Asker: 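One structure coming up, written as structure tokens, with questions to follow.
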Amino acid sequence: MHEQEQEPSAEGGPWWREAVFYQLYPRSFADANGDGVGDLDGILARLEHLVWLGVDALWLSPFYRSPMADFGYDVSDHCDVDPIFGDLAAFDALLTEAHALGLRVIIDWVPNHTSDQHPWFLDAASSRDSEHRDWYVWRDPVEDGSPPNNWVAAFDLTAPAWTFHEPTGQWYLHLFDPAQPDLDWDQPAVVRAMHEVLQFWLDRGVDGFRADVLHTIGKFPDLPDDPPPVAGIPHCALNDVPVTHERIRAIRSLIDSYPDDRVLVGEIYLMTTDAIASYYGDGDEVHLAFNFPALYAPWDADRWRAAIEETEATLGSRGAWPTWVLSNHDNPRHRTRYDRAAIHRGEDAATTARRSEARARAAAVLLLTLRGTPFLYQGEELGLLDADIRPEQALDPGSRDGCRAPLPWDGSAGHGWSTGPGAGIDPWLPFPPEADVRNREALHTDPNSILHLYRRLLAVRRATPELRAGELELLDTPPGVLALRRSLGAGVCHVVINTTDAEVELSGVLVPVGSTLLIASDDLGRTGAARATSTDRFMLGADQAIILTV
Ligand code: GLC
């Protein structure tokens, strides 16, 4: 299937264990037709950026037909492209070109719910006797007219996960927006239909799927209330039901029946690594799952150490392969999160911006040297902050617009977004802060930029088997410092990350005599912070990270 030569893997395992993924949010990556919304041709035209950067695989958030109540996670046709993004021919062209350039492509698959405008739901809502009625979860009102249980939907914590459908006199379940009714996976016809969606895209040549809230496709048959201590937390973060594992095993068998190591990445939106780990099964459920506790960890060495220890213990004991992610389309960007933390300390804006960039750079070193598969989110390689969204600009029902701002490609007024036939149209959301100086073109010309740091890190990772596939050991450190030892055969690297605001001198086991500096997050020499103070001592700057070969 792939014409390009694959890099030999250090371990001889499947490609996705050593790959670095890059998440594309198609609405906001690049706009080829100048209508202010990104599209598949826009991605095609910018693939060169991703090749230059050095990632291995792309994950595309939904581009299917959708009324866009949840910007594509409300699918009205799983097997077609929404006209705003292009058409199936544009998808095929993108996939072919990505493969030719050596990039794998996985796509989002949204199994738990459809749009309320999907023909299945339109039919289901047409009458209680309709063919598709039981494809969705309907319940009669309880006596006092209230919803069937106490579940809360995801975006509006004051709202039940149920909407009453007057014409047919029943409530329907939606763990997300009312425009996203939940499918009933107890129905064999639903299972078959959703498997057919997978086959449609596998036959087209995709390398796998990121399965949206995959842990929600099984529910307890009597839909019991969430217990009082957790009632009020969106039910999607609580739903953890044994039957789901069986359903995922069937999905996995289907995916494994195709050649070339297609991959199933689960969005298992549960709040402990232990709970998430169970969805790897005995190597027969998801290949990979996002690790949300790490995504939510603040910039703090102790918290990261705990997240890493827990991940190594819970996944390691099952032989499951970890993933690491700092940002995605559902959460404030990590630089913004670290920025806010600094604001709370009462710093002035310029200091905060400098510090949060230093932290974002050090975090890139951490993300790309942990044991597991890293996922980058578009724009983190530019050190983007979330856009400031004024109330009248807000669009998303889940208040996630800030991290979804369009990627600034250059310093022109339209930042590369208004060159097509509709030139002059504003993009669908405002740009992130400082787009005139913090854009791809400007950072590309600055070898000290965070963009070049990401590129160097990806190159070092590619060239260093112990970083891709080696063992991980946490080393003892001074307070506020995190240190990883990565080793494979004779190859050994130390990664040391200072999460504090002060310089720290490293010595002893952290910097064995003869160590050489491979990468410093703030770029060696520019701030002068990382320097050897003698043959076995090293000065690490505030919020600085280094990789040493030892
Ligand atoms: C997942 C997606 C999110 C979406 C939700 C409902 O969490 O990442 O963007 O709103 O599922 O599909």
Side-chain angles (χ1 to χ4, degrees), residues 21-29 38 59-78 82 106-118 121 136-137 151-157 159 161 163 172-183 185 194 197 209-217 219 233-240 244 264-271 275-276 279 286 288-293 295-296 323 325-333 375-378 386 394-405 428-429:
F21 282 78
Y22 184 99
Q23 181 191 356
L24 291 155
Y25 192 70
R27 294 184 70 87
S28 298
F29 187 67
W59 151 31
L60 269 71
S61 279
F63 48 80
Y64 315 111
R65 275 192 190 264
S66 164
M68 304 288 165
D70 187 13
F71 296 105
Y73 284 93
D74 50 322
V75 179
S76 58
D77 184 345
H78 298 93
D82 195 276
I106 71 166
I107 61 175
D108 231 296
W109 175 59
V110 187
N112 177 63
H113 44 266
T114 68
S115 161
D116 63 350
Q117 300 305 306
H118 194 294
F121 189 76
Y136 295 86
V137 184
W151 294 2
V152 168
F155 304 137
D156 175 359
L157 302 188
T163 289
Y172 68 86
L173 176 67
H174 52 86
L175 297 189
F176 295 88
D177 194 77
Q180 293 167 292
D182 277 41
L183 285 163
W185 275 72
M194 290 309 292
V197 173
F209 301 92
R210 176 269 190 187
D212 191 66
V213 288
L214 184 61
H215 63 300
T216 58
I217 62 174
K219 281 142 191 142
I233 295 176
H235 183 76
C236 67
L238 303 169
N239 194 83
D240 191 6
T244 309
L264 176 64
V265 186
E267 187 203 19
I268 308 295
Y269 191 70
L270 294 171
M271 292 306 127
I276 294 167
Y279 287 82
V286 299
L288 298 172
F290 292 110
N291 190 8
F292 287 105
L295 184 143
Y296 295 124
T323 69
V325 61
L326 296 171
S327 285
N328 63 22
H329 65 296
D330 288 332
N331 294 283
R333 288 180 175 278
F375 283 75
L376 309 182
Y377 176 51
Q378 65 180 37
D386 282 4
L395 297 173
D396 176 45
S399 309
R400 297 161 295 184
D401 296 313
C403 65
R404 299 173 176 182
W428 73 293
L429 284 173

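Read the numbers this way: they start at 1 and go in the same order the structure lists the ligands and their atoms. The model shown is predicted, which means the values in this text are computed figures rather than measured ones.
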Asker: Show the atoms of ligand 1 that are less than 4.0 angstrom away from any heavy atom in Asp70.
Answerer: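 Checking each atom against Asp70, I get 4 (C), 5 (C), 6 (C), 10 (O), 12 (O).
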Asker: Is the distance between the ring centroids of Tyr172 and Phe121 under 6.0 Å?
Answerer: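 Distance test on ring centres: under 6.0 Å, yes.
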Asker: Do we see a donor-acceptor contact under 3.5 Å between the side chains of Thr114 and Tyr136?
Answerer: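 Yes, a side-chain donor-acceptor pair sits under 3.5 Å.
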Asker: Quick one: look up the protein heavy atom nearest atom 8 (O) of ligand 1 and list residue, atom name and how far away it is.
Answerer: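 Atom 8 (O) of ligand 1 sits closest to the protein heavy atom Asp330 OD2, 2.5 Å.
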Asker: Would you mind listing which atoms of ligand 1 come within a distance below 4.0 Å of any non-hydrogen atom of His113?
Answerer: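 Matching atoms, with element in brackets: 6 (C), 12 (O).
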Asker: Between Asn112 and Tyr73, do the side chains contain an N or O donor and an N or O acceptor separated by less than 3.5 Å?
Answerer: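 Not at all, the side chains of Asn112 and Tyr73 share no donor-acceptor pair under 3.5 Å.
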Asker: So, Asp74 versus Ser66: side-chain donor-acceptor pair below 3.5 Å or not?
Answerer: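 Note: Asp74 and Ser66 side chains meet the donor-acceptor criterion.
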Asker: Taking only Lys NZ, Arg NE, NH1 and NH2, and the carboxylate oxygens of Asp or Glu, determine whether Arg400 and Asp386 approach each other closer than 4.0 Å.
Answerer: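 Judged by the 4.0 Å cut-off on N to carboxylate O distance, Arg400 and Asp386 do not form a salt bridge.
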Asker: Only one of Tyr22, Phe290, Phe292 passes ring-ring contact (aromatic ring centres under 6.0 Å, His included) with Phe375; say which it is.
Answerer: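 It is Phe290; the other options fail the test.
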Asker: Among all the protein's non-hydrogen atoms, which is closest to atom 5 (C) of ligand 1, and how far away is it?
Answerer: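 The protein heavy atom lying closest is Phe176 CE2, 3.7 Å.
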Asker: What part of Phe155, side chain from CB on, backbone N/CA/C/O, both or neither, has a heavy atom under 4.0 Å from ligand 1?
Answerer: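 Answer for Phe155: side chain.
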Asker: Is Arg404 salt-bridged to Asp330, cutoff N-O under 4.0 Å?
Answerer: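 Counted as a salt bridge, because a side-chain N and a carboxylate O are separated by less than 4.0 Å.
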Asker: Between Lys219 and Asn239, is there a side-chain heavy-atom distance shorter than 4.5 Å?
Answerer: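 When only atoms from C-beta onward are counted, Lys219 and Asn239 do touch, with a gap below 4.5 Å.
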Asker: Return the closest protein heavy atom for atom 7 (O) of ligand 1 as residue, atom name and distance.
Answerer: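 Among all protein heavy atoms, the one nearest atom 7 (O) of ligand 1 is Glu267 OE2, 2.9 Å.
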Asker: In this structure, does ligand 1 have an atom that sits under 4.0 Å from one of the heavy atoms of Tyr269?
Answerer: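 So Tyr269 does not count as touching ligand 1.
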Asker: Looking at Arg404, which atoms of ligand 1 are within less than 4.0 Å of one of its heavy atoms?
Answerer: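 Near Arg404, the atoms of ligand 1 are 9 (O).
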Asker: Ignoring hydrogens and geometry beyond distance, is a side-chain donor-acceptor pair present between Asp108 and Tyr64 at under 3.5 Å?
Answerer: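 Per modelled atom types, Asp108 and Tyr64 side chains form no pair under 3.5 Å.
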Asker: Quick check on His174 - does any of its heavy atoms sit under 4.0 Å from an atom of ligand 1?
Answerer: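 Per 4.0 Å heavy-atom rule, His174 does not contact ligand 1.
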Asker: Checking a contact table here: which protein heavy atom is nearest atom 11 (O) of ligand 1, and how many Å away?
Answerer: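 Answer, as residue, atom name and distance: Asp212 OD1, 2.9 Å.
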Asker: At a 4.0 Å threshold, what atoms of ligand 1 neighbour a non-hydrogen atom of Arg400?
Answerer: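 The atoms of ligand 1 under 4.0 Å from a heavy atom of Arg400 are 3 (C), 4 (C), 9 (O), 10 (O).
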Asker: Non-hydrogen atoms of Phe71 versus ligand 1: any pair closer than 4.0 Å?
Answerer: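 Checking ligand 1 against Phe71, which is what was asked, there is no heavy-atom contact under 4.0 Å.
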Asker: Under 4.0 Å from a heavy atom of Arg210: give me the atoms of ligand 1 that qualify, with their elements.
Answerer: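 Counting from 1, the qualifying ligand atoms are 2 (C), 8 (O).
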